[in-house]
Structure formats: C-alpha cells, structure tokens
Amino acid sequence: MRFCRFNGNRLGLVEGDQIIDVTPALDVIPAQRWPLPEHDLLIAHLDEVLARANAIKAGAPRLPARSVHFNAPVANPGKIVNAPINYQKHINEAVDDKGIAHGRELKGKHITDWGLFLKATSSMIGFSDEVRLRKPDRRNDHEIELAVIIGRTANKVKAADALQYVAGYSMGLDMTIRGPELQCFRKSVDTYAVLGPWIVTADEIPDPNNLNLAIWVNGEPRQNANTNDLVYNVNKLIEYATEWYTLHPGDVIFTGTPEGVGPVKPGDTMTCEIERIGRWDVKIASEFAG
Ligand code: MN
C-alpha cells in the first residue's frame, strides 16, 4: 500500500494518480496527552490504521494526486538518521571536488570511519512544501536518497533480520549547505529534509537494496544510480544504527547519496524518482529564506 499525509493532517491512500481520503481511519490511534511518546503515533499504529483505511475506502472521497498538498508522511519522527559517504562513487567525487568535503580527508574512507549523523527533526518537510535556501554565499546541494521508515522498536538488530523492522520506504532529499561545519548543523536547516511524497509499505518492496534512484534539476539529469551500490545497504545500516541506539517507529533513515550531487538555486525544480516508489517534483522557493 501507499499512504500519505496531505492538506495538513489528512490521511490518504495513494492509488494510481488518485488520493483516497481515509482520514477517519486515524480514529483508531489511542488518544495521547503530554508527554508524547518517543515515536510517531501513526507509524506505531500503522497496521490498525491501514486496516481501518481499507475498510472505509470504498465510500471515501477521491482527489487527483496533482491537486493535493503533500506534507511529510511522518509527522513526528523521533530521529532523522543519516548515512554519510555511503556510495563509493560519491566518495570518489568528493575526493576530486574540494567543494563537497571542505578539507575532510575522504580517500580510502567510508561510512565506517564517520558513523551516522542526525538531522534536526525540525528540518523535515513534505514534497509540496518548498525548500527555502539559506546562505547565498555557500554552495547548496541536492542529495537524493532512499529513505527507510522504521516500523517497530529496534535495538541491536542483526542485518539478516533488519527488514522486519521497516514500515516502508519513501524518497528523501538530504539538502546540504557545503562547508566546514558538522553535518548535523549544515544539514539541519529548516526545510532541508524532504520526505515523500508518500510511503510505500515494506511488503511492496521486498528488496530495497536494488532500486534505481535519480534526480533532475530543471530537467537536467544530475544523479542516477542504484541502491545496490550502497556501501552499507539498508540491512547493514539498521544493524549499524542499532548497535549504538534504539530506533523507534517513525524514525527515518536517509541511506546516503550516490554520485552526481550538485548545486541548486532559488526557483529550481528538483524531479525525484525512485523505482517502486514514484516520481515527483520538489520546488525551491524563489527567494532565499529571510
Ligand atoms: Mn546525505
């Protein structure tokens, strides 16, 4: 199944080019008061919500997908986990282009040397929200990445079992200001974590480690690769992350970006595509954020 959060906090099923408004299915989520749990309530109750959505969808309103506003499909991720230098050809391009890594020594290194980093949850937006660039004097880059949405609490998980903990997959844009600061700072700018436009449940993607992914900027091809080139694949990333901390339902893993990263500017349109998930545009606001 494919589901989305749209037009604010409405829940949709995605079928073809239509969105079925199944918002009343959210009523199966138990009411919560402060303090909220460490997980996203929709993802933690996803099975019950989607079962209810299926039960009511026949009589539910349908809208053209082009007419709705896609919000981030995870409303309250506890963590946005990110894999740096996780495709060898991206590492190679960062060795050659000093504008990418700003003096950090990358030759012979990969993700094992750097570990994982977190983006602020406040940086997350959906595909219909515009990216608002900051720092006009800096290079602002696109990074398309397969995004993994964790469905069950995961701690010290083995790679062989890891996919059992996945709720689904989505497209991620790890927008980046290049520079010498830590990634958690440069990549946590408001609007710099784009997720969506919907989540494809894990049963529809039996092998996340063999998916084409690509991005075009204003129609010009930039990145085009396959997740089978990941240094740490999805299974290994979950094992690696949970060696160090617990993952909760709704935590998102941005799995790393392949070669072809490059700068964007206000007014650009980024067309993102990942096999078995879909193809959708993300716009960059016409002005830098004030
Ligand atoms: Mn990245």
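Atoms within each ligand, like the ligands themselves, are counted from 1 in listed order. Counting begins at 1 with the first residue of the sequence.
Scanning both residues, V189 and I177, for their nearest heavy atoms gives CG2-CD1, 3.7 Å.
In terms of distance to the Mn ion (ligand 1), the nearest N, O or S atom of E145 is named OE2. Looking only at N/O/S atoms, D174 comes nearest to the Mn ion (ligand 1) through OD2. The Mn ion (ligand 1) is closest to atom OE1 of E143 (considering only N, O or S atoms).
Both tests do not hold together for K283 against F127: distance to the six-membered ring centre under 6.0 Å, angle to the ring axis within 45°. A cation-pi arrangement, defined by a distance under 6.0 Å to the six-membered ring centre and an angle within 45 degrees of its axis, is absent between K89 and Y87.
Ring to ring, F3 and W198 are not that close: their centroids are 6.0 angstrom or more apart.
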